[in-house]
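Computed over heavy atoms, backbone and side chain alike; hydrogens, waters and symmetry mates excluded.
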Amino acid sequence: PFPPNSLQAKSITLTGATLFNYIATEEELTNRSYDVLNAMREGWLKLKIDYVYPLDQAAKAQEMLESRKTTGKVILKIGD
């Protein structure tokens, strides 16, 4: 955390957005999702996975996220 007012001295701005700010339709969201999955299959987009927990340990996964002990993805696994 930092005080946002500290940016004013140098006229620095901070903005944020989510993917939904840039997608107009559900079809576009679906197409972009396929693009991401294909990039992963092709190997040029790599995700860092820190932890994989079985679904019954969802509370532990949430605890890891809230304690900021992760730097990659936390996956909940369903089934074997």
Sorted by chain and number, sequence neighbours left out, salt bridge (Lys or Arg N to Asp or Glu O under 4.0 Å) with Lys60 holds for Glu63
Treat each ILVMFWY residue as a node, draw an edge where side-chain heavy atoms are under 4.5 Å apart, and state whether [X] and [Y] are in one component.
| X | Y | answer |
| --- | --- | --- |
| Val74 | Leu76 | yes |
| Trp44 | Met40 | yes |
| Tyr34 | Leu47 | no |

What is the minimum heavy-atom distance between Tyr22 and Glu28, and which atoms define it? O-OE2, 3.8 Å
Nearest 0.5 Å, please: how far is [atom2] in [Y] from [atom1] in [X]?
| X | Y | atom1 | atom2 | result |
| --- | --- | --- | --- | --- |
| Thr70 | Ile49 | OG1 | CD1 | 12.5 Å |
| Leu65 | Lys73 | CG | NZ | 10.0 Å |
| Thr30 | Ile23 | OG1 | CD1 | 9.0 Å |

Taking the side chain as everything from C-beta on, heavy atoms only, tell me whether Leu55 gets closer than 4.5 Å to Lys77. no
With the side chain counted from C-beta on, respond yes when Leu7 and Thr13 share a heavy-atom pair under 4.5 Å apart, and no when they do not. no
Qualifying residues under side-chain contact (heavy atoms from CB on, under 4.5 Å), relative to Arg41, sequence neighbours excluded: Leu37, Asn38
Backbone N or O of Thr71 within a donor-acceptor pair of the Asp50 side chain at under 3.5 Å? yes
Any sub-3.5 Å donor-acceptor pair from Gln57's side-chain atoms to Tyr53's backbone N or O? no
Answer yes or no: does atom CD of Glu26 have more than 12 heavy-atom neighbours from other residues, nucleotides or ligands under 6.0 Å? no
Filter on salt bridge (Lys or Arg N to Asp or Glu O under 4.0 Å), then keep only pairs touching residues 11-20, sequence neighbours left out; what's left? none
